[in-house]
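Notes follow once the structure below has been shown.
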Amino acid sequence: MAGEQGFDPGRRAWLARGATAAVAAPLATLLPLASGSAVAKAPSPKASNGPIRLDLNESSYGPSPKVAAAIAQALPLAPRYVSVEQGDALAAQIAALEGVAPEQVIIGEVLEPLGQHLALAGGGGSFVYSVPGYDALVKAAAPFGGKAIEVPLDAGLYNDLPALLAAIQPDTRALFVVNPHNPSGTISPAAAFDAFVEAASARTLVIVDEAYLDYQPDAAARSAVRHLRQGRNVAVFRTLGKIHALAGLQIGYALVPRDLADALRKRGVGGSHGFNQLSIAAASASLADPAYIAGVRERVARERTAWLALLRERGWRYAEPAGNFVFIDTGRPHAEVAAGLLAHGVRIGRSFAPYDNWVRITIGTPAENVQARAALVAVLA
C-alpha cells in the first residue's frame, strides 16, 4: 500500500489543496484601498467571545494574501529541515531589497543573541538605550556582564539624542535605539537622527531597531541602513511581526557590518537550523508584496488620524505617534484604566514606568478602533 511504500502523490496533492483552502480562507475577503491594493479582512486577533487585543502592537489586518499560498505550498516540506540554500535564497532576496551584500544579512529575531554575543565578545561592557523602551537586547546582555546605561526620553517623549550620545562610555559595546520609539511612538527628525547616527557610530556600534518604520511613507529614505551601506558601524534590525503581520511565525532580520556578521555566524546565529519552513516561506512572500504593505500603511495612517482627532477633541495629552499605536496620558493610574477598558472588551499594553498614568493602545481595524475609542471615553468620563 502507498502508506507502507511511500507517500502517495495523489494524497500529497489532496492534502496540499486542503491546506491551501484552510490557510487562505481567512484571507479570502479583501477590502479595497485608495491606492488600488488590498488588505485582507483578517479575523480579529482575539479569543472567541474575548476582548479585542490591542496590547502588543500586532497587525489586525493580517498578512499578505500571498503568504497564505506560500505557507500552503511549504506545508509538504514541514518534515524537512530548512536547507542552507533556502536560507541563502531569503538572505539574497533581503539583500537586494536593502542594498547590502547577502553576507551582511542575519535572518531571525536576533536582538537577544546579538546582545549576548556583544557582551560575551567584549567581556561585558555597557549598553546605552532609552527608557522606558524595548529592552530585549540589553536584558539579554546582562547575564554575560552587560551593564545597562539608561537614558530618559526627552520632554516630548522622543529619544533624547544628545543625551544618548553623551552617555557613550569607553566600554560601551553598543548604543541601542528604537526609531520610531516604543512605547511612545515618536520618530526622531530625519536630519537630527542622521547626524546622531554618524557621530555615535564613530564611537561605538549603533543598533537601530526599525520595527515600526514601515508605517512611515518615507521609510526607505529614513532608514539607518544608508549608514551601513556607507561603511559606518551601524546595524539595523527589522521584525516581520508588525506591519507584515507575522508575529506568530517569529521571523525578522538584521543588517550588520561584515565582521559582525561573520562573528555572529561563528556563534551559530542566523543559521538555517534556526528557521522553519513556514516562516521562511511566509517572509519571502510578504517581502515580495510591497503593494499590500503600502495598503496596510495607508489604513493605519487613516485610523491614526481618527485617534488623534479624538485626543485633540478631548484635550488629552499624547505623544506624537508614528507607528501603529498611540501613547496617551489619561491622568489616572494605568491599572485602573486598563481594567476599565478590559471591562469594555479592550485589552491594552502594560504600563511603562515612570509614565504610570499613560496607556499604550495598538491601532487595530476600523471596527476595533471604534470600540476602543468609545471604551476610552467611557472609562475617562
Side-chain angles (χ1 to χ4, degrees), residues 56 104-154 158-184 188 193 196-212 224-225 227-228 232-239 241 250-271 274 350-355:
L56 298 177
Q104 293 179 282
V105 178
I106 303 293
I107 300 172
E109 294 279 10
V110 299
L111 285 181
E112 291 178 341
L114 177 55
Q116 293 168 355
H117 164 74
L118 292 172
L120 284 167
S126 61
F127 292 78
V128 178
Y129 78 115
S130 295
V131 292
Y134 186 60
D135 58 2
L137 180 141
V138 178
K139 280 189 172 180
F144 304 97
K147 178 184 66 176
I149 297 180
E150 301 179 345
V151 178
L153 301 175
D154 69 15
Y158 289 79
N159 284 305
D160 191 332
L161 303 182
L164 286 166
L165 191 61
I168 297 173
Q169 304 297 314
D171 72 339
T172 296
R173 298 291 293 143
L175 187 157
F176 178 58
V177 60
V178 184
N179 190 49
H181 188 67
N182 178 25
S184 70
S188 298
F193 193 75
F196 160 75
V197 171
E198 183 172 354
S201 64
R203 300 172 59 188
T204 191
L205 173 67
V206 176
I207 304 170
V208 186
D209 183 338
E210 296 182 345
Y212 303 99
V225 73
H227 295 280
L228 175 64
R232 296 193 174 99
N233 196 20
V234 174
V236 174
F237 172 72
R238 302 191 194 282
T239 177
Q250 288 288 305
I251 189 164
Y253 59 90
L255 311 167
V256 304
R258 180 63 186 270
D259 59 344
L260 177 56
D262 292 342
L264 287 170
R265 288 194 177 93
K266 285 181 181 179
R267 290 195 186 273
V269 180
R350 64 177 178 85
S351 62
F352 295 92
Y355 300 96

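If you read the sequence from its start, that first residue is 1, and numbering goes on from there. Owing to the predicted nature of the structure, the values given are computational and were not obtained by experimental measurement.
Remark: Ser126 engages Asp171, Thr172 in a side-chain hydrogen bond (donor to acceptor under 3.5 Å, both in side chains) (not counting sequence neighbours). Tyr129 meets the ring-ring contact (aromatic ring centres under 6.0 Å, His included) test with no other residue; sequence neighbours excluded.
Around the CZ atom of Phe144, the shell of radius 6.0 Å holds more than 12 heavy atoms that belong to other residues, nucleotides or ligands.
Annotation for Asn233 and Pro257: closest pair OD1-CG, 4.0 Å, computed over non-hydrogen atoms. Here the shortest heavy-atom pairing between Ser188 and Asn179 reads N-OD1, 3.0 Å. Closest of all the heavy-atom pairs between Ala167 and Ile149 is O-CD1, 3.8 Å. When all heavy atoms are compared, the tightest approach of Asn159 to Val178 is ND2-O, 2.9 Å. Closest approach of Ser201 to Val234, counting heavy atoms only: CB-CG2, 3.7 Å. For the residue pair Ala235 and Leu205, the shortest heavy atom distance occurs at N-CD1, 4.1 Å.
Side-chain contact between Val225 and Arg238: present, with at least one pair of heavy atoms (C-beta onward) separated by less than 4.5 Å. In this structure, the side chains of Leu153 and Pro132 come closer than 4.5 Å at one or more pairs of heavy atoms. The closest side-chain heavy-atom distance from Asp160 to Ser130 is not below 4.5 Å. At a threshold of 4.5 Å between non-hydrogen side-chain atoms, the residues Thr204 and Gln169 do not count as touching. A 4.5 Å side-chain heavy-atom check between Val197 and Arg232 finds every atom pair outside the cut-off. In this structure, Arg203 and Leu165 have side chains that are in contact, with non-hydrogen atoms separated by less than 4.5 Å. At least one side-chain heavy atom of Ile207 sits less than 4.5 Å from a side-chain heavy atom of Leu118. At least one side-chain heavy atom of Phe196 sits under 4.5 Å from a side-chain heavy atom of Leu175.
Between the side chain of Asp154 and the backbone N or O of Tyr158, at least one donor-acceptor pair lies under 3.5 Å.
Looking at Lys266 and Asp262, no side-chain N of the basic residue comes within less than 4.0 Å of a carboxylate O on the acidic one, giving no salt bridge.
Note that CG of Leu56 is 10.0 Å distant from CZ of Arg350, once rounded to the nearest 0.5 Å. Between the OH atom in Tyr134 and the OH atom in Tyr212 there is a gap of 8.5 Å [rounded to 0.5 Å]. The structure places CZ of Arg173 at 13.5 Å from CD1 of Ile168, a figure rounded to the nearest 0.5 Å. Rounding to the nearest 0.5 Å places CD of Glu150 at 8.5 Å from CG of Asp135.
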Tabulate below the donor-acceptor pairs under 3.5 Å that side-chain atoms of residues 107-117 make, not counting sequence neighbours, or state none.
from   : atom 1 : to     : atom 2 : distance (Å)
Glu109 : OE2    : Thr239 : OG1    : 2.7
His117 : ND1    : Arg267 : NE     : 2.6

